[in-house]
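These values consider heavy atoms only, across backbone and side chains, with no hydrogens, waters or symmetry-generated copies. All chains are named by letter (A, B, ...) in the order of the sequence lines, taking the proteins before the strands, and each is independently numbered beginning at 1.
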Protein chains: 2
Amino acid sequence: MTSGQEVHTAVGARLRQVEQRYTASRRRLVDVLAGAGRPLTIPEILSDDARLPQSSAYRNLAVLEQAGVVRRVQVHDEFARYELDEDLTEHHHHLVCVGCGRIADYTVPRPLERALEKAIARVTAATGFDAHSHRLDLVGLCASCR
Amino acid sequence: MTSGQEVHTAVGARLRQVEQRYTASRRRLVDVLAGAGRPLTIPEILSDDARLPQSSAYRNLAVLEQAGVVRRVQVHDEFARYELDEDLTEHHHHLVCVGCGRIADYTVPRPLERALEKAIARVTAATGFDAHSHRLDLVGLCASCR
DNA sequence: CTCAGTGCAAAGGATTTGCATGCCG
DNA sequence: CGGCATGCAAATCCTTTGCACTGAG
């Protein structure tokens, strides 16, 4: 896990690469997401920092996504969710609770992760599909919804 | 892979379990999805069979989903997609092309699938999250978009 | 006859955009 | 100063719903 300061430095660099500024509200969005440790919906983000107007949140999250700073996570939920890019945090997957709709991060054992990557390489060779990344979600019930 | 006739029989049974009829338009939806071999968006489904009005398609897909006949697949796409439930087809995963937005089905080698299940069992034990199913998507570029 | 299913048109709701204003560079 | 970022409000667009009609049992 990188410190908050490092994250901001890295985010600033990425934004500059796509000729975007690292403004105060964008910084706030990054702060909220960095502090969550799980993908957040827009309503969650807005309630976390009341100074963020809805439309600016949507607009800035789109900019941040384009800059490779945040990632949009789509689930069966009605709301889209956002999280920091894995380069800024760590490679992980999601536990999707069908009871309460919450999403938690988790990481799989290193050996399995390696097996996944090997298998993905085989898929590329066999199908001609060039995989940039993979998503492994577990769908079920979290401890409090069981 | 089950034949078209078997699929209809199984679908009819599931609908009866939730006290729903297997009507002509529901049958058409199942036919379209069975013939696709990949998750389809509503526009794709509608253009495949012009006799399906939009609102009925949405409504019947919701019924079929509730009956466990179809599954809603959410991707970065703007449209939701639907596919037949895995019990009616076969356990598989998705190749998501970021170029054209298309989604293809694929299956991973049996040994990896077993490794996944073992790892999932460990996650359940360690975190208290009770996983009913898993999703493994590969995100990248398909052969024609490379 | 009764009631679920259908289809049209209108409503809903998350997300996007137009436009006037403020602020960074 | 010039142009991007902002914030409000209005528009978009996928999806859902109200309502009158049809058809199966």
Side-chain angles (χ1 to χ4, degrees), chain A residues 8 11-33 39-67 69-83 101 103, chain B residues 8 11-33 39-67 69-83 101 103:
Chain A
H8 284 308
V11 170
R14 292 201 190 182
L15 283 172
R16 249 173 278 118
Q17 277 179 1
V18 294
E19 303 192 313
Q20 291 282 351
R21 300 179 197 158
Y22 198 16
T23 64
S25 32
R26 290 173 189 177
R27 190 174 292 259
R28 271 184 236 125
L29 284 172
V30 170
D31 278 331
V32 172
L33 292 177
L40 298 179
T41 63
I42 305 269
E44 283 173 339
I45 294 171
L46 296 181
S47 69
D48 210 281
D49 189 331
R51 290 169 299 178
L52 293 167
Q54 191 191 51
S55 70
S56 298
Y58 275 107
R59 230 174 329 220
N60 284 322
L61 285 168
V63 169
L64 292 170
E65 187 185 16
Q66 228 207 337
V69 171
V70 305
R71 194 164 66 151
R72 188 179 185 158
V73 178
Q74 195 67 287
V75 212
H76 261 189
D77 217 22
E78 45 213 322
F79 295 96
R81 288 168 182 271
Y82 289 87
E83 66 182 3
I103 301 189
Chain B
H8 284 307
V11 170
R14 291 200 191 184
L15 283 172
R16 246 172 280 118
Q17 277 179 2
V18 293
E19 303 191 314
Q20 292 282 350
R21 301 180 195 157
Y22 197 16
T23 64
S25 32
R26 290 173 189 177
R27 190 174 291 257
R28 272 184 233 125
L29 284 172
V30 170
D31 279 330
V32 172
L33 292 177
L40 298 179
T41 64
I42 304 268
E44 284 173 337
I45 293 170
L46 296 181
S47 68
D48 211 282
D49 189 330
R51 291 170 299 180
L52 293 167
Q54 192 191 50
S55 69
S56 296
Y58 275 106
R59 231 174 327 219
N60 283 322
L61 285 168
V63 169
L64 292 170
E65 187 186 15
Q66 229 207 334
V69 171
V70 306
R71 194 165 65 152
R72 189 178 186 158
V73 178
Q74 196 67 284
V75 211
H76 261 189
D77 217 22
E78 46 212 320
F79 295 94
R81 289 169 181 269
Y82 288 88
E83 67 183 1
I103 301 188

Novice: Which nucleotide, D:dT15, C:dT15, D:dT6, lies nearest any side-chain atom of A:Q54?
Specialist: C:dT15
Novice: How would you list, by chain and number, every residue that makes a side chain to side chain contact (heavy atoms under 4.5 Å, CB included) with B:E65, sequence neighbours excluded?
Specialist: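 For B:E65, the residues satisfying side chain to side chain contact (heavy atoms under 4.5 Å, CB included) (neighbours in sequence not counted) are A:H76, B:V70, B:R72.
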Novice: With A:R28, which residues qualify under side-chain hydrogen bond (donor to acceptor under 3.5 Å, both in side chains), at least two apart?
Specialist: none
Novice: Round to the nearest Å and state the distance from A:Q74 atom CD to D:dC14 atom P.
Specialist: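 Atom-to-atom, A:Q74 to D:dC14, this comes out as 14 Å.
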Novice: Of A:F79 and B:A24, whose nearest nucleotide on DNA chain C comes first from the 5' end?
Specialist: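 Nearest nucleotide further toward 5': that of B:A24.
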Novice: From CD1 of A:I42 over to P of C:dT15, roughly how many Å is that when rounded to an integer?
Specialist: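 My rounded result for the distance is 6 Å.
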Novice: Ignoring backbone atoms, establish whether B:T23 has a side-chain N or O less than 4.0 Å from OP1 or OP2 of C:dT6.
Specialist: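 Answer yes for this pair, as a side-chain N or O of B:T23 is under 4.0 Å from OP1 or OP2.
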Novice: Name all residues meeting the salt bridge (Lys or Arg N to Asp or Glu O under 4.0 Å) criterion together with B:D31; count only those two or more places apart in sequence or in a different chain, and write none if there are none.
Specialist: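 Result, salt bridge (Lys or Arg N to Asp or Glu O under 4.0 Å) vs B:D31: none returned.
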Novice: Partners of B:R71 by side-chain hydrogen bond (donor to acceptor under 3.5 Å, both in side chains), sequence neighbours excluded?
Specialist: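 B:R71 satisfies side-chain hydrogen bond (donor to acceptor under 3.5 Å, both in side chains) with B:E83 only.
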Novice: Mind listing the N/O atom pairs, protein and nucleotides 17-25 of chain C, below 3.5 Å?
Specialist:
residue : atom : partner : partner atom : Å
C:dG18  : O6   : A:R59   : NH2          : 3.1

Novice: If I take atom CZ in residue B:R27 and atom P in nucleotide D:dG23, what distance separates them, rounded to the nearest angstrom?
Specialist: 19 Å
Novice: Mind checking what makes side-chain hydrogen bond (donor to acceptor under 3.5 Å, both in side chains) contact with B:D77, not counting sequence neighbours?
Specialist: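 side-chain hydrogen bond (donor to acceptor under 3.5 Å, both in side chains) list for B:D77, sorted by chain: B:R81.
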Novice: When all nucleic acid strands are considered with a 4.0 Å heavy-atom cut-off, which category describes B:A62: base, sugar-phosphate, or nothing?
Specialist: nothing
Novice: Measuring from the side chain of A:R72 (C-beta onward, heavy atoms only), which nucleotide among C:dG5, C:dT16, D:dT15 has the closest atom?
Specialist: C:dT16
Novice: For residues 53-64 of chain A, which side-chain N or O atoms pair as donor and acceptor with protein atoms under 3.5 Å away, sequence neighbours left out?
Specialist:
residue : atom : partner : partner atom : Å
A:N60   : OD1  : A:R26   : NE           : 2.7
A:N60   : OD1  : A:R26   : NH2          : 3.3
A:N60   : ND2  : A:S56   : O            : 3.2

Novice: Report the distance from atom CD of B:E19 to atom P of C:dT2, rounded to the nearest whole Å.
Specialist: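 Going from B:E19 (CD) to C:dT2 (P), I get 20 Å.
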Novice: For a quick test of reading the model: is some side-chain N or O of A:N60 closer than 4.0 Å to OP1 or OP2 of D:dA5?
Specialist: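 No, A:N60 has no side-chain N/O under 4.0 Å of OP1/OP2 on D:dA5.
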Novice: When the distance from CG of B:L61 to C1' of C:dG5 is rounded to whole Å, what number comes out?
Specialist: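 Going from B:L61 (CG) to C:dG5 (C1'), I get 15 Å.
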Novice: Return each pair, listed once, that meets ring-ring contact (aromatic ring centres under 6.0 Å, His included) where at least one residue sits in residues 12-32 of chain A; pairs must be two or more places apart or across chains.
Specialist: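 The answer is A:H8-A:Y22.
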Novice: Round to the nearest Å and state the distance from B:D77 atom CG to C:dA14 atom P.
Specialist: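 Those two atoms, CG and P, are 20 Å apart.
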Novice: Could you state the atom-to-atom distance from CD of B:Q20 to C1' of C:dT6 in whole Å?
Specialist: 13 Å
Novice: Take the protein atom CG of A:L52 and the nucleotide atom P of D:dT6, then report the distance between them rounded to whole Å.
Specialist: 10 Å
Novice: Would you indicate whether the side-chain heavy atoms of B:V11 and B:L15 approach each other to under 4.5 Å?
Specialist: yes
Novice: For the helix from C:dC1-D:dG25 to C:dG25-D:dC1, how many degrees between its two end axes (five pairs per end), to the nearest 10°?
Specialist: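 The angle separating the two end axes equals 30°.
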Novice: Any idea which heavy atoms bring B:Y82 and B:L33 closest together, and the distance?
Specialist: O-CD2, 3.4 Å
